[in-house]
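Hydrogens, waters and symmetry mates are skipped; everything else that's a heavy atom, side chains included, is used. Just so we're clear, the structure is a prediction, and the values are computed from it rather than from any experiment.
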Amino acid sequence: MTREVGEAPGADPQSQAEQAAPTAQAEASAPAPGGPAGTWDDPRLPWSGKPRRVDVLLWAGIVLSGIYYWALLPFVAPLVGTHPVLLEVLNGNTAAIISAAAFVRVGHGSLVIVLLAAIPGLMKFDVLYWWAGRLWGERLIAILSGRRNRGDKYMARVQRWGWKFTWPAVIVAPFLPIPTAIIYVVVGWAGMRLVTFLILDAIGSLLWAGLLAGLGYALGHRAVVVAQSISHYGLWISIGLIVVIVFFQVRSQRRMIQAAAQARTAAQAGRADEPAADA
């Protein structure tokens, strides 16, 4: 019999369930701290009930990472054709890696520096999502994916394959057409050790940077011209990117709020039907 995540090694599952039953019943009957039940519930947050200090700190780190991204966004287009290596370090931008390697092709810089500069930019916030997976698991996956069935698919694969899924998933995460944060949350929930995660994440980031650098080096002067043109019109490009991102973020938030409202309405209707059924 395999051990589930969070289960004590060598413990008997039946005895654990018997010991946990009274505790679970007491917790279910106790009122939520800080106010009536549901006061702290919010579908946009990854925890239920009153948050702990660690919840607040980690959530603040994730929010600050988003603010960092937004604050840096206006500088992406201007820097991609002038200081691409600096842009790599700041946020691991795909265009910056390609542009930096293209500049190497025309005689400026070194490919080794291009690859090394990309690693901190690509990995800088990944550990936050690994840690979030440790704390919040499936609830955060549902928030990040925007659709609960997608999160369920990932969790089912993890349960079936274990490390055979999580290890390759971290390495190929930069290549997949889904947010890497979802994968990092999944592997954190699955119990992957921090050292293992950092090593695999570094390998995946280096492979991704190598692919982009190879593309930029092959394009050479043509990529340099494109990058410099982007920098020339950087302000307008940045404004366009911000408008598009805001549009999709607002739409995603509206869908999440509507889904939460429908769930609350269904729960209230179910509670209202119970007395009628008893009568």
Side-chain angles (χ1 to χ4, degrees), residues 3-9 11 16-17 19-71 91 120-146 148 150-152 154-155 158-159 162-163 165-167 169-170 173 178-202 205 249 252-253 256-257 260 263:
R3 180 171 68 90
E4 298 293 335
V5 175
E7 181 179 317
Q16 283 190 341
Q19 294 173 3
T23 304
Q25 293 174 358
E27 291 177 352
S29 61
T39 300
W40 294 94
D41 288 341
D42 190 322
R44 295 166 294 181
L45 297 177
W47 59 80
S48 59
K50 187 174 181 179
R52 301 162 295 174
R53 179 179 298 179
V54 67
D55 294 322
V56 175
L57 290 176
L58 180 54
W59 189 246
I62 293 175
V63 171
L64 288 175
S65 71
I67 295 174
Y68 174 89
Y69 171 80
W70 280 91
N91 75 343
L122 291 169
M123 293 181 56
K124 59 186 177 300
F125 297 125
D126 294 351
V127 70
L128 292 178
Y129 293 97
W130 170 87
W131 187 17
R134 288 275 190 168
L135 288 181
W136 303 320
E138 297 98 324
R139 188 178 174 102
L140 181 58
I141 294 170
I143 293 174
L144 293 175
S145 65
R148 189 169 296 276
R150 183 182 298 180
D152 291 342
Y154 290 132
M155 305 316 292
V158 172
Q159 292 172 347
W163 68 268
F165 173 83
T166 57
W167 285 37
V170 175
I178 58 176
T180 56
I182 296 177
I183 294 177
Y184 302 151
V185 169
V186 169
V187 301
W189 171 87
M192 178 179 287
R193 295 173 56 192
L194 177 59
V195 173
T196 303
F197 172 75
L198 292 176
I199 293 173
L200 296 175
D201 193 18
S205 299
Q249 288 290 335
S252 176
Q253 289 291 326
M256 188 180 300
I257 292 172

request  = Might you work through the side chain to side chain contact (heavy atoms under 4.5 Å, CB included) test for Val54 and Trp131, ending with a clear yes or no?
outcome  = CA-CA 10 Å; Val54 67; Trp131 187 17; 3.4 Å; yes
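- A donor-acceptor pair is defined here as one N or O able to donate and one able to accept, closer than 3.5 Å; no such pair exists between the side chain of Ser205 and the backbone of Ala202.
- Under the side chain to side chain contact (heavy atoms under 4.5 Å, CB included) criterion, Leu198 pairs with Met123, Leu194, sequence neighbours left out.
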task = For the pair Phe125 and Tyr69, evaluate ring pair (Phe, Tyr, Trp, His ring centres under 6.0 Å) and give the outcome as yes or no after the intermediate values.
result = CA-CA 11 Å; Phe125 297 125; Tyr69 171 80; 9.8 Å; no
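- The shortest side-chain heavy-atom distance between Tyr129 and Ser65 falls under the 4.5 Å cut-off.
- Sorted by first and then second residue, the salt bridge (charged side-chain N to carboxylate O under 4.0 Å, His left out) pairs involving residues 54-67 (not counting sequence neighbours) are Arg52-Asp55.
- Here Trp167 pairs with Trp163 under the ring pair (Phe, Tyr, Trp, His ring centres under 6.0 Å) rule; sequence neighbours left out.
- Looking at Leu58 and Trp136, their side chains come closer than 4.5 Å, going by heavy atoms from C-beta outward.
- Nearest heavy-atom pair, Leu128 versus Ile62, reported as atom, atom and distance to 0.1 Å: CD1-N, 4.2 Å.
- Taking the salt bridge (Lys or Arg N to Asp or Glu O under 4.0 Å) definition, one finds that Asp126 meets it with nothing, sequence neighbours left out.
- Contact detail for Arg134 and Met192: the closest heavy-atom pair is NH2-O, 2.9 Å.
- For the pair Gly137 and Val185, the tightest heavy-atom approach, listed with the atom from each and the gap, is O-CG1, 3.9 Å.
- The side chain to side chain contact (heavy atoms under 4.5 Å, CB included) check on Thr180 picks up Ala173, Tyr184, with sequence neighbours excluded.
- Annotation for Thr166 and Ala190: closest pair CG2-CB, 4.0 Å, computed over non-hydrogen atoms.
- Every side chain to side chain contact (heavy atoms under 4.5 Å, CB included) that Val63 has, sequence neighbours left out, goes to Trp59, Ile67.
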